[in-house]
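All values derive from a computational prediction rather than experimental measurement. Just so it is clear, the values below take in all heavy atoms, side chains as well, and ignore hydrogens, waters and symmetry mates. Indexing begins at 1, ligand by ligand and atom by atom, following the structure's order.
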Amino acid sequence: MAMNNSIVSKALILLCLTSIVVLTLGHAHPWLPSETPKKLALKLSLDNQTLSLASSDFGFIVHETPLAVFQPSSVNDIIDLIKYSNSLPIPFTIAQRGQAHSTHGQTMTHNGVVLNMTRLGDIKNGSRIVVYDEYVDAGGEQLWIDVLSATFKHGLTPFSWTDYMYLSVGGTLSNAGVNGRMFRFGPQISNVLELDVVTGKGDLVKCSPVNNSELFYAVKRLRLLYNEFSAFTNDQEHLISFHERNDTRSADYVSGYIIVNQAPLDLSFYPAHYQPRITSLVTKYGIIYSIELVKYYDNNSQTHIKEEVASLLKGLNYIPRFAFEKDESYEEFQNRLHTTELEFTSKGFWDVPHPWLNLFIQRSRISDFNEGVLKGIILKQNISVGTPSFYPTNRNKWDYRMSAVTPNEDIFYVLGLYRSSGFDKVEVEAHEAQNQQILQFCKDVGIEIKEYLASYKTHEEWMEQYGSKWQLIEDRKAKFDPKRILSPGQRIFN
Ligand SMILES: Cc1cc2nc3c(=O)[nH]c(=O)nc-3n(C[C@H](O)[C@H](O)[C@H](O)COP(=O)(O)OP(=O)(O)OC[C@H]3O[C@@H](n4cnc5c(N)ncnc54)[C@H](O)[C@@H]3O)c2cc1C
């Protein structure tokens, strides 16, 4: 899915190109907002406050001030803007901005226009999330939390989510949308029935494939602790194998965390009286590992849930007695990271730089990764990493025709280093340097990795990331966005 060539919309609005294009033949200088035809100019914001807001993102690492911010009221406005840029001798770039939860400037441009997609969600602009029997039709600007609320009213929910719900539909579909359910259903991009997209030429195009619906009321959520890496990964892989064997006992969500001996430890999930014992374990081993396992249930399955969970745990090799469980509503579970967000915001830890690193790692070298990266770099250097997530998933749930890339093995691991840093430049650089060191280590010892939400700076790095898919990506860009107008902040072609 070459989403970087297009803007996700879901509104079925037909192309209407009557009064938009003023061909400015003879222009040889870069575009100036003051030259914009009136109809479009009315939707450009040029004030410093708006420009400043559009020049930053969740990462607080890259800062680029655009020439203007475009506030569309409809998909036609977006089409008009793109057509107008295409008509200029020197087209300006257009950076789509959803919730700007990117970490390395992916929603920014310094010589063009930031397209504020959230404007399409304003009620007066016809915001919609329409729920049907087997699918939901949502605008690209909509938040996943709102999709959940809307579908839940109908007793339905999509199969594939991200862990955090205040992200836009278009923003996560531009990447993949990964979490601990994808071993069963694939990433979000594998669960899209149809997309309406506007290309870099300003054409509105429909593209397809799947649908999903389910109904749950509650979840049983468990965490199991390990001091042995191989026992941890063997058990994770065992848990994701149930679904592959069509064994109905399969867990619904399998994830994992790495608890590194770095203060402060986040042990909020665990019962207070157990926290000192867990802290002792972490101090003793330096790193311990935790599987998160979730089983959904409803009124009908409620009576069996305990037996089902017991049967899943049978034969697992976690540290005896270090298994903890919680019952939550389905919505509480889906929206669990919002609680963290509120807590971090109140402590001033949310709006800070986020030098994140997200990796997909080949399974066959995962113990080398543990020794070389988790123990050899992260534990040794003691640069804070928070509580990284770490779990295996099945590659057969990914559609190889899409532009998302994964290691070339049936199972690969997903690592999320959710770093928060102070505003001190030296601190941010230390985090970024460690990220680079991890990437370099993998390269040096030949561990195949793919960066997720990649923040590469050069064309060559992107070519390496896409590997054998590069030609396809280049061809799609040339076909759908030949003047390379869209998504300059990804730095793939600009
Ligand atoms: C707290 C937190 C938790 C996260 N958890 C997860 C997780 O569990 N799983 C996961 O996969 N990711 C996760 N992410 C990463 C997240 O999916 C990406 O950062 C995603 O891009 C965020 O969506 P957004 O709306 O903020 O997109 P933005 O940052 O606004 O945009 C991202 C990219 O998408 C493009 N874009 C945005 N909207 C559109 C549109 N309508 N049409 C076309 N292109 C568009 C932008 O130009 C940009 O290139 C998390 C991020 C944060 C901050």
Yes or no: does Tyr418 have any heavy atom under 4.0 Å from an atom of ligand 1? no
Any heavy atom of Gln188 under 4.0 Å from ligand 1? The part involved is neither
Atoms of ligand 1, numbered as shown, that sit under 4.0 Å from any heavy atom of Leu453: 15 (C), 18 (C)
Donor-acceptor contact present, side-chain Gln262 to main-chain Ile383, <3.5 Å: yes
Could you check whether any side-chain heavy atom of Arg97 comes within less than 4.5 Å of a side-chain heavy atom of Arg119, counting everything from C-beta outward? no
Could you list the atoms of ligand 1 found under 4.0 angstrom from a heavy atom of Met117? 41 (N)
For Trp350 and ligand 1, does the shortest N/O to N/O distance drop below 3.5 Å? no
Distance-only N or O hit between ligand 1 and Tyr452, under 3.5 Å: yes
Part of Leu173 within contact of ligand 1 (heavy atoms, under 4.0 Å): neither
Take Glu325 and Lys220 through the test salt bridge (Lys or Arg N to Asp or Glu O under 4.0 Å) and record every step on the way to the result. CA-CA 7 Å; Glu325 65 178 53; Lys220 186 160 285 289; 3.2 Å; yes
Should Tyr330 and Phe152 be marked as a side-chain contact (heavy atoms from CB on, under 4.5 Å) after you check the CA-CA gap, both sets of side-chain angles, and the distance that decides it? CA-CA 10 Å; Tyr330 180 79; Phe152 217 70; 3.3 Å; yes
Please compare Phe344, Tyr166, Tyr164 and report which has the shortest non-hydrogen distance to atom 4 (C) of ligand 1. Tyr164
Per the salt bridge (Lys or Arg N to Asp or Glu O under 4.0 Å) rule, what does the pair list look like for residues 346-360, sequence neighbours excluded? Glu343-Lys347
Examine Arg97 against ligand 1 and note whether any of their N/O atoms are separated by less than 3.5 Å. no
Asn175 and ligand 1 - part of the residue with a heavy-atom distance under 4.0 Å: side chain
Decide whether an N or O pair under 3.5 Å exists between Gly98 and ligand 1. yes
Quick check: Ala100 and ligand 1, any N/O pair under 3.5 Å apart? yes
So, is Ser102 polar-close to ligand 1, with some N/O to N/O distance under 3.5 Å? yes
Test of understanding: given a 4.0 Å heavy-atom threshold, classify the contact between Asn179 and ligand 1 as side chain, backbone, both, or neither. neither
Centroid separation Trp462 to Phe493 less than 6.0 Å: no
Test your reading of the structure: does Phe58 have an N or O sitting under 3.5 Å from an N or O of ligand 1? no
Any N or O of Thr107 that comes nearer than 3.5 Å to an N or O of ligand 1? no
Just jot down the ligand 1 atoms closer than 4.0 angstrom to any heavy atom of Asp163, in number order. 7 (C), 8 (O)
Taking the six-membered ring where the residue is Trp, are the ring centres of Tyr289 and Phe232 under 6.0 Å apart? yes
Just let me know how Trp356 lines up against ligand 1, side chain, backbone, both or neither, with a heavy-atom cut-off below 4.0 Å. side chain
Is the shortest side-chain N to carboxylate O distance from Arg395 to Glu409 below 4.0 Å? no
In ligand 1, which numbered atoms sit nearer than 4.0 Å to a non-hydrogen atom of Gln490? 33 (C), 48 (C), 49 (O)
Is Gly177 near ligand 1, meaning one of its heavy atoms is under 4.0 Å from it? yes
When the ring planes of Tyr270 and Phe324 are compared, do they come out parallel, tilted or perpendicular, using 30° and 60° as the limits? perpendicular
Looking only at the aromatic ring of each residue, does the gap between the centers of Phe423 and Phe60 stay below 6.0 angstrom? yes
Could an N or O of ligand 1 be found under 3.5 Å from any N or O of Ser174, whether backbone or side chain? yes
Partner of Tyr253 under ring pair (Phe, Tyr, Trp, His ring centres under 6.0 Å), chosen from Phe333, Phe183, Phe159: Phe333
Using salt bridge (Lys or Arg N to Asp or Glu O under 4.0 Å) as the criterion, list what pairs up with Arg336, not counting sequence neighbours. Asp163
Going by the order shown, which atoms of ligand 1 are within less than 4.0 Å of some heavy atom of Val178? 7 (C), 8 (O), 9 (N), 10 (C), 11 (O)
Please confirm whether Phe185 and Trp161 have ring centers closer than 6.0 angstrom. no
